[in-house]
Amino acid sequence: MNYKELINNFITDAIDKDLESGKHKKIITRFPPEPNGYLHIGHAKSICLNFGIALKYDGICNLRFDDTNPEKENIEYVNSILKDVRWLGFEFDEPLYASDYFDMMYDYAVQLIKLGKAYVDDQDAKTIKEFRGTLTEHGTNSPFRDRTIEENLILFQNMKGGKYKDGEKVLRAKIDMHSPNMNMRDPVLYRILHAHHHRTKDKWCIYPMYDWAHGLEDSIENITHSICTLEFEDHRPLYDWFLKQLKIYHPQQIEFSRLNLEYTIMSKRHLKLLVDENHVSNWDDPRMPTISGLRRKGYPPDAIREFIYSLGVGKNDGYASIEHLEYFVRKYLNKNSKRIMAVLDPVKLIIDNYDENKFEELEAKNNPEDDSLGFRKVTFSKELYIEKDDFMENAPKKYFRLSIGKEVRLLHAYYITCTHIEKDSSGVVKKIHCRYDSKTKGGWSEDGRKVKGTIHWVSAKHSINAKVKVYDKLFNKINPYDGDEKNDFIKHLNQNSLKLINNVKLESSMINSLKSEYYQFVRKGYFKMDKDADKDNLVFNQIVNLRDSWKKHTK
RNA sequence: UGGGGGAUCGUUCAAUGGUAGGACACAUGGUUUUGGUCCAUGGGAUCGGGGUUCGACUCCCUGUCCCCCAGCCA
């Protein structure tokens, strides 16, 4: 991808100006996930933006774990994030950790106390909340707000030293309890948490809050542009205030609107709920909007990147459509998948004038637009399977497929004409009898005879059994939160989001199918073998179906 | 009159005082050994009302609607 031209938005406009004015020479961005869950496609936007900008300007993008809350974070999440960012195609040096800066952050806090800009508050959480005021009423100063610097220094040291229980004291910035911006009403800087941290172990029992930590992390790493989502816009005055008080290097925070995808949710907390309550199998369930879910489903990273960059970056909130994402998935897969024939809903087709014991190895192209993907042999014989819906007894005029008396092409094989059918007692078609034209081998005729329909097939005797999983949208509503209490989104879960198809027949060449490979099941869709599948249990996930303009006619 | 942000085709992003454009979606036609791909064509928008200007999506005034903020989460 050509990142120089790929990304152009209001953020790169700002960067261009900073480069022109000489404010910066080298651009440094960062992607700062909290390791408290798996990354989702919303994070992919931030990743593509931050790493993309670094690539565009020959700069650097740090991968930094914002691991300031040990109660929710763990190493499993750290590892998944590392894997997902790399899988998306971005490279980084050793990952960085906010927890590596805990000593520095502590020292800065001491400095802030010495400046008379921070104090230890003995009020409990409930009282602090009460004193904070409301959106329309200003707050009230804490009775502990005017402690001396000396006292604050000792108290803060005692907090660090473990002399108090969780929640007994906090360190707060001394800003303005009358500020119309709630974030400026003496925000908490440190809370007491006697918790085991996955990296610093038991060294600390006080942990910094986001607002305190984030600007310091950015400053320490010499980040030039700290790009975050819109909900932090209100926090920017605080971000700026801290760095100004401390007189340290001051990155610029710029906010953009986060990515929303139709029919799904992007809250890590809520995605975790879906996992914990078994609404999905795990974080990598192919129905999840997580990077690991999309990977398991078979979405190529290139397609995800192209999708993200096609969206652009702005400050409007809105929803990206599933179709838009699927367009890029199909676009990539059309070029990069091998075609094979698979029958998902089989019915027997018998070629009455073909010898019982004969079979032929016919040559088939793996990708009609790209010879470099090679050729393969498919086995043809007297008894085949075709899709049930490729035959209709009473076909409408524009139906191009098989029906009694009509001729179609079997892809890569022969022209066949249907002569008669066999049904069971309840009228279900059990066998379709045809005759083939031996002069049409390969699927074309010298006489220029026109055959409108082409259908796929597999040889019954040579076929391989498999299972297929087809996925639909996770929720029934574009915005699962719409009009409800925040936690009612569960009731909008699509109960039919997973369909298991058991009796799938694959062409014989699939005996050597690979987990790493993308396949197009001709006329059906794109598929990839599930990570838990094996030779004895072939399971394919449908990545996305093929566009189907016939379906529109039938409606 | 609490603060902050936003409003352009159905969706998403452009146009930075000078012909409102692209992509997806949709529609029509063509090509085709996938009713896929590809190609061509078409319909379709500046939140409302004033103002400044030769000229306004852009600047000013005013109104309306939407999103975010009252964690010792990030």
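Throughout, a chain's letter reflects where its sequence line sits, starting with A, and its residues are numbered from 1.
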Does [X] make a side-chain donor-acceptor contact with the base of [N], cut-off 3.5 Å?
X      : N     : result
A:E323 : B:U11 : no
A:R339 : B:U34 : yes
A:E255 : B:G4  : no
A:R547 : B:G35 : no

Whole-Å distance separating the [atom1] atom of [X] from the [atom2] atom of [N]:
X      : N     : atom1 : atom2 : result
A:L325 : B:C24 : CG    : C1'   : 11 Å
A:R330 : B:U34 : CZ    : C1'   : 14 Å
A:H412 : B:U32 : NE2   : P     : 18 Å
A:I254 : B:G6  : CD1   : P     : 13 Å
A:Y239 : B:G4  : OH    : C1'   : 18 Å
A:L230 : B:G5  : CG    : P     : 10 Å

**Q.** Under 3.5 Å donor-acceptor, A:R330 side chain and A:N545 backbone
**A.**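 Present.
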
From [options], pick the nucleotide closest to the side chain of [X]?
X      : options             : result
A:K315 : B:A74, B:A23, B:G5  : B:G5
A:L546 : B:U34, B:G35, B:C68 : B:U34
A:R191 : B:A25, B:A74, B:G35 : B:A74
A:D548 : B:C72, B:A74, B:G35 : B:G35
A:E231 : B:C24, B:U37, B:C68 : B:C68
A:K129 : B:C68, B:C24, B:G71 : B:G71
A:D13  : B:G35, B:U16, B:A74 : B:U16

Does the ring centre of [Y] sit less than 6.0 Å away from the ring centre of [X]?
X      : Y      : answer
A:F65  : A:Y97  : yes
A:Y190 : A:F156 : yes
A:Y414 : A:Y436 : yes

[X] vs [N]: side-chain N/O to OP1/OP2 distance below 4.0 Å:
X      : N     : value
A:R236 : B:C68 : no
A:Y210 : B:C73 : no
A:R258 : B:C68 : no

Could you go over nucleotides 7-10 of chain B and give all protein N or O partners under 3.5 Å, atom names and distances?
unit_1: B:A7; atom_1: OP1; unit_2: A:N316; atom_2: OD1; d: 3.3

Q: Using the side chain to side chain donor-acceptor pair (under 3.5 Å) rule, take A:K56 and A:N8 through it: C-alpha gap first, then chi angles, then the decisive distance, then the call.
A: CA-CA 10 Å; A:K56 177 184 173 91; A:N8 285 299; 3.1 Å; yes

Rounded [atom1] spacing from [N] to [M] in Å:
N     : M     : atom1 : answer
B:A56 : B:U46 : P     : 15 Å
B:U8  : B:C66 : C1'   : 16 Å
B:A7  : B:G48 : P     : 14 Å
B:U19 : B:G35 : C1'   : 40 Å
B:G36 : B:C26 : P     : 12 Å
B:U1  : B:G22 : P     : 46 Å
B:G4  : B:U16 : P     : 28 Å
B:U31 : B:C24 : C1'   : 23 Å

Distances under 3.5 Å between nitrogen or oxygen atoms of protein and nucleotides 1-3 of chain B:
unit_1: B:G2; atom_1: N9; unit_2: A:L135; atom_2: O; d: 3.2
unit_1: B:G2; atom_1: N2; unit_2: A:P180; atom_2: O; d: 3.4
unit_1: B:G2; atom_1: N3; unit_2: A:L135; atom_2: O; d: 3.0
unit_1: B:G3; atom_1: N2; unit_2: A:D234; atom_2: OD1; d: 3.3
unit_1: B:G3; atom_1: N2; unit_2: A:D234; atom_2: OD2; d: 2.7

Side chains of [X] and [Y]: is there a donor and an acceptor less than 3.5 Å apart?
X      : Y      : value
A:H270 : A:Y481 : yes
A:S46  : A:N50  : yes
A:E130 : A:T127 : no

Q: Could you tell me whether A:K365 sits above the aromatic face of A:F375, with NZ or CZ closer than 6.0 angstrom to the six-membered ring centre and within 45 degrees of the axis?
A: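 Here A:K365 fails the 6.0 Å and 45° test against A:F375.
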
Name the orientation class of the two ring planes belonging to [X] and [Y] (parallel below 30°, tilted from 30 to 60°, perpendicular beyond 60°).
X      : Y      : result
A:F521 : A:Y519 : tilted
A:F102 : A:Y207 : perpendicular
A:W550 : A:F400 : tilted

(Q) Would B:G22 be called syn or anti here, given the cut-off of 90° from 0? (A)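 B:G22: anti glycosidic orientation.
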
(Q) I'd like to know whether A:T454 forms a side chain to side chain donor-acceptor pair (under 3.5 Å) with A:R409, so could you lay out the CA-CA distance, the side-chain angles of the two residues, the decisive distance to 0.1 Å, and finally the verdict. (A) CA-CA 5 Å; A:T454 300; A:R409 170 168 39 236; 3.2 Å; yes

Q. Would A:R30 and A:E217 satisfy salt bridge (charged side-chain N to carboxylate O under 4.0 Å, His left out), going step by step from the backbone distance to the final call?
A. CA-CA 10 Å; A:R30 102 269 95 109; A:E217 295 161 19; over 6 Å; no

Q. Got a minute to check which stems RNA chain B is part of, using Watson-Crick or G-U wobble pairs under 3.5 Å, three or more consecutive?
A.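 Correct response: B:2-7 with B:64-69, B:10-13 with B:21-24, B:26-30 with B:38-42, B:47-51 with B:59-63.
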
